[in-house]
Amino acid sequence: MSLLFRPQFSHDETRLALWGEDAEGSQFHLCTIEPDGTCVPEPWGVSLQPGGKHRFSFAFSPDDTRVAYFADPEGDGSDQLFLGGTAPGEAGVAVPVSGDMPPVDEVETLWFSQDGATLYFGFGPDPSRPGCARSTSPAIRRRRR
């Protein structure tokens with residue numbers, strides 16, 4: 001991994017999410033903070049087809065058991081919103097909780113409701129984010145612990 005960007009700590013500061021880029025493309029990484037303060041980033045997120053990429057935007061759920069993020073795994077310019085667990089062994093397991101969204105210019109945002117039962121997301125070609133939606137997918141409720 002040559003470049004790591006956008007570090008984000010979980011609410012309890014025991015996990016760190018990073019977005020990275022190297023010669024093979026973009027990839028999310030998640031690591032658990034060890035007692036000595038170190039962590040080894042683990043590649044995390046859905047597998048990508050050639051031309052696919054993970055986007056910059058991601059968010060931890062209020063209880064830190066899930067991470068939501070945008071990705072275009074097929075490389076066709078249409079993003080999807082994914083939800084996956086943060087526990088060891090859940091690195092490559094994520095489910096889409098949105099349909100394909102129109103192509104955007106990297107302006108995306110997402111956030112969970114305070115109880116973690118609803119995931120809101122905005123997207124669009126500029127900071128005014130003309131598209132905004134919410135997902136109460138059964139996957140969101142199932143993943144809560």
Side-chain angles (χ1 to χ4, degrees), residues 1-33 39-145:
M1 181 61 41
S2 58
L3 298 172
L4 293 174
F5 300 99
R6 301 195 46 120
Q8 183 173 330
F9 285 94
S10 59
H11 299 94
D12 65 4
E13 298 183 353
T14 62
R15 293 183 185 86
L16 178 64
L18 302 156
W19 182 85
E21 191 170 297
D22 61 18
E24 295 179 19
S26 63
Q27 175 71 51
F28 275 118
H29 291 80
L30 190 65
C31 60
T32 299
I33 308 296
C39 73
V40 177
E42 176 185 11
W44 188 91
V46 295
S47 299
L48 302 175
Q49 301 298 320
K53 60 182 170 178
H54 292 114
R55 298 285 186 188
F56 288 109
S57 302
F58 49 91
F60 282 96
S61 64
D63 64 1
D64 295 322
T65 61
R66 298 160 293 147
V67 173
Y69 65 96
F70 289 101
D72 174 13
E74 288 86 28
D76 61 3
S78 294
D79 287 356
Q80 294 179 30
L81 181 61
F82 290 89
L83 182 69
T86 60
E90 293 182 332
V93 181
V95 295
V97 292
S98 71
D100 285 350
M101 292 177 271
V104 299
D105 294 331
E106 310 271 342
V107 178
E108 301 166 333
T109 187
L110 60 146
W111 65 98
F112 284 89
S113 59
Q114 286 185 321
D115 65 2
T118 304
L119 178 59
Y120 297 92
F121 55 99
F123 55 93
D126 61 51
S128 66
R129 296 180 179 91
C132 189
R134 71 185 178 111
S135 178
T136 54
S137 165
I140 294 172
R141 290 186 295 277
R142 265 197 310 271
R143 300 295 300 176
R144 292 184 68 211
R145 293 183 184 156

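Since we're looking at a predicted model, the values are computed, not measured.
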Locate the shortest heavy-atom distance separating [X] from [Y]; write the atom from each residue and the value.
X	Y	result
Thr32	Cys39	O-CB, 3.3 Å
Phe112	Ala59	CE1-O, 3.7 Å
Leu83	Arg66	CD1-CB, 3.9 Å
Ser47	Pro73	O-CB, 3.7 Å
Ala17	Phe58	CB-CE1, 3.4 Å
Leu16	Ile33	CB-CD1, 3.9 Å

Can you tell me how far apart CG (Leu81) and CG (Leu119) are? Round to the nearest 0.5 Å.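 Atom-to-atom, Leu81:CG and Leu119:CG are 5.0 Å apart.
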To the closest 0.5 Å, what do you measure between NE2 (His11) and CZ (Phe60)?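 Those atoms lie 8.5 Å apart.
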Heavy-atom side-chain proximity of Leu18 to Pro7 below 4.5 angstrom: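 SC-SC contact between Leu18 and Pro7 confirmed.
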With a 4.5 Å heavy-atom cut-off, do Val97 and Phe121 have their side chains touching?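 No. Closest side-chain heavy atoms not under 4.5 Å.
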Does Ser113 have any side chain to side chain donor-acceptor pair (under 3.5 Å) partners at least two apart in sequence or in another chain, and if so, which?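 Here the qualifying residues are Asp115.
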Answer yes or no: is there a donor N or O on one side and an acceptor on the other, between the side chain of Asp12 and the main chain of Asp64, under 3.5 Å?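 Not a single qualifying donor-acceptor pair exists.
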Among residues at least two apart in sequence or on other chains, which ones pass ring-ring contact (aromatic ring centres under 6.0 Å, His included) with Phe82?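 Residues passing ring-ring contact (aromatic ring centres under 6.0 Å, His included) with Phe82: Tyr69.
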Restricting to side chain to side chain contact (heavy atoms under 4.5 Å, CB included), what partner residues turn up for Gln49, sequence neighbours left out?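 Once residues adjacent in sequence are excluded, Gln49 has no partner under the side chain to side chain contact (heavy atoms under 4.5 Å, CB included) criterion.
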